[in-house]
Protein chains: 2
Amino acid sequence: MSTYLRVLGTEDMAEAPYTSSERLSRLTGFSAPQVRRDLACFGHFGRRGVGYPVKVLQSEIRSILGIDRDWKVCVVGVGNLGNALMRYAGFEERGFKVVAAFDASPAKVGLTVGGVKVEPVAGLSRRVREEGVQLAIISVPAEAAQEVLDQLVAGGVRAVLNFARRTLAAPEDVVISSVDLAVEIEYLSYALAGRGVR
Amino acid sequence: MSTYLRVLGTEDMAEAPYTSSERLSRLTGFSAPQVRRDLACFGHFGRRGVGYPVKVLQSEIRSILGIDRDWKVCVVGVGNLGNALMRYAGFEERGFKVVAAFDASPAKVGLTVGGVKVEPVAGLSRRVREEGVQLAIISVPAEAAQEVLDQLVAGGVRAVLNFARRTLAAPEDVVISSVDLAVEIEYLSYALAGRGVR
DNA sequence: GGGTGTGAAACTCTTCACAGCG
DNA sequence: CGCTGTGAAGAGTTTCACACCC
């Protein structure tokens, strides 16, 4: 869905008011039947013999993804990666507003990154609740990740994007999505090695 | 596999010379039969009634993933994210050495990031070939990504980790792994919205 | 006994082909 | 006629249970 929304914003889409599963297939790399099934799964957006109305589809997908509104986000761990994530324009564009940032290091506390002041991690759960943060990004070292997650959950956060290399335990009603950069690059290494690259 | 290797490095593993699918299941979050099947897929590492030898399993997985050696990596696009990736310790630990970095902006060229000097993107394909780069990381804006990829392929790169929000076209023998941060966070938004969080 | 390795069943996801509607 | 939506077939994955070996 996220990918469909991305390609719908492409200039190729601006010209005509309607697009087709065939064209979406080319732009996304998914098969055309796959596109139709994905879109049909959330409602009957297409018109037979015509295609999908670009504008309507965009706003429908935004609504499905829940990005027809703003979300309050906090970043925990303002290291290299945390810094980059706080400045990442893609989040703000999609309605994800970084309203708070936390770090354990006194050297980081007090700095302003991307217009947000870095606070001590000690007040995490309290401050998260005060600010009404709904979504958190964890970019702390693996050892600290579980403790940070527990504090976030205590503060009422129900969705977490985790960059720490560690399996995290959380209650059923908390959604966690983990991105492991080492896994990604090791997959490439595996593919290269399998192809006999030396 | 990458995940198994990670948990094998955990201190919980250091005590005993053997581990079990049961224990790996708890540490990874995968089911125990899943663990056994994954490991059996690459060879008979386990001993019935005993378990898997931790040390042997580690070196076997390293060999399978192709990280029992060093890979030469370059980073294209030294923005917020590219900067963070160049300093990311996880890559170097696993044998991924950043040997070159490129950026289109004259303001970035000449800077030294993580001990590597940033070069102009103009010489990309030539320099990549000279340095023997096998693996590239793309962290440029979406508009520039396809051109960068073409240059990398021309320079002999066969594996690419792509952070640009764009579908990329490449020859069959080039492996591309894409990480889209917007997709990750939109999934969380979708999950929250579906659970009635407002 | 304990724990792996694996065939078979169950399930999910994808592909295909085509009915059906504008 | 064109293109969506969808049932049915197919492929791939996960789960289960248990044989088998240390």
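In the text below, chain A, chain B and the rest are named by the order of the sequence lines, each starting its count at 1.
Here the P atom of nucleotide C/dA17 and the CZ atom of A/Arg36 are 12 Å apart, to the nearest Å. In this structure, B/Gln34 atom CD and C/dG5 atom C1' are separated by 14 Å, rounded to whole Å. Rounding to whole angstrom units, CZ of residue B/Phe45 and P of D/dC21 are separated by 20 Å. Whole-Å rounding puts the A/Leu39 CG to D/dC3 P distance at 16 Å. In this structure, OH of A/Tyr18 is placed 13 Å from P of C/dG22, rounded to the nearest angstrom. Rounded to a whole Å, the CZ atom of A/Arg47 is 12 Å from the C1' atom of D/dC3. Taking atom CZ of residue B/Arg37 and atom C1' of nucleotide D/dC18, one finds them 13 Å apart after rounding to whole Å. For A/His44 and C/dA19, the NE2 to P distance is 19 Å, given to the nearest whole Å.
Of the candidates D/dG5, D/dT15, D/dC21, D/dC21 carries the atom nearest the B/Arg48 side chain, counting heavy atoms from C-beta on.
A/Tyr52 has a side-chain polar atom (N or O) that falls below the 4.0 Å cut-off from OP1 or OP2 of D/dG5. Between A/Ser21 and D/dT4 there is a side-chain polar atom (N or O) within less than 4.0 angstrom of OP1 or OP2. Side-chain nitrogen and oxygen atoms of B/Ser31 include at least one within less than 4.0 Å of the OP1 or OP2 phosphate oxygen of D/dT15.
A salt bridge does not link B/Glu131 with B/Lys72: every distance from a Lys NZ or Arg NE/NH1/NH2 to an Asp or Glu carboxylate oxygen is 4.0 Å or more. Salt bridge present: A/Asp173 and A/Arg158 bring a charged side-chain N and a carboxylate O closer than 4.0 Å.
Around the OH atom of B/Tyr187, the shell of radius 6.0 Å holds no more than 12 heavy atoms that belong to other residues, nucleotides or ligands. For CZ of A/Phe45, the number of neighbouring non-hydrogen atoms (other residues, nucleotides, ligands) closer than 6.0 Å is greater than 12.
Looking at which nucleotide of DNA chain D each of A/Gly49 and A/Cys41 is closest to, the 5′-most match is held by A/Gly49.
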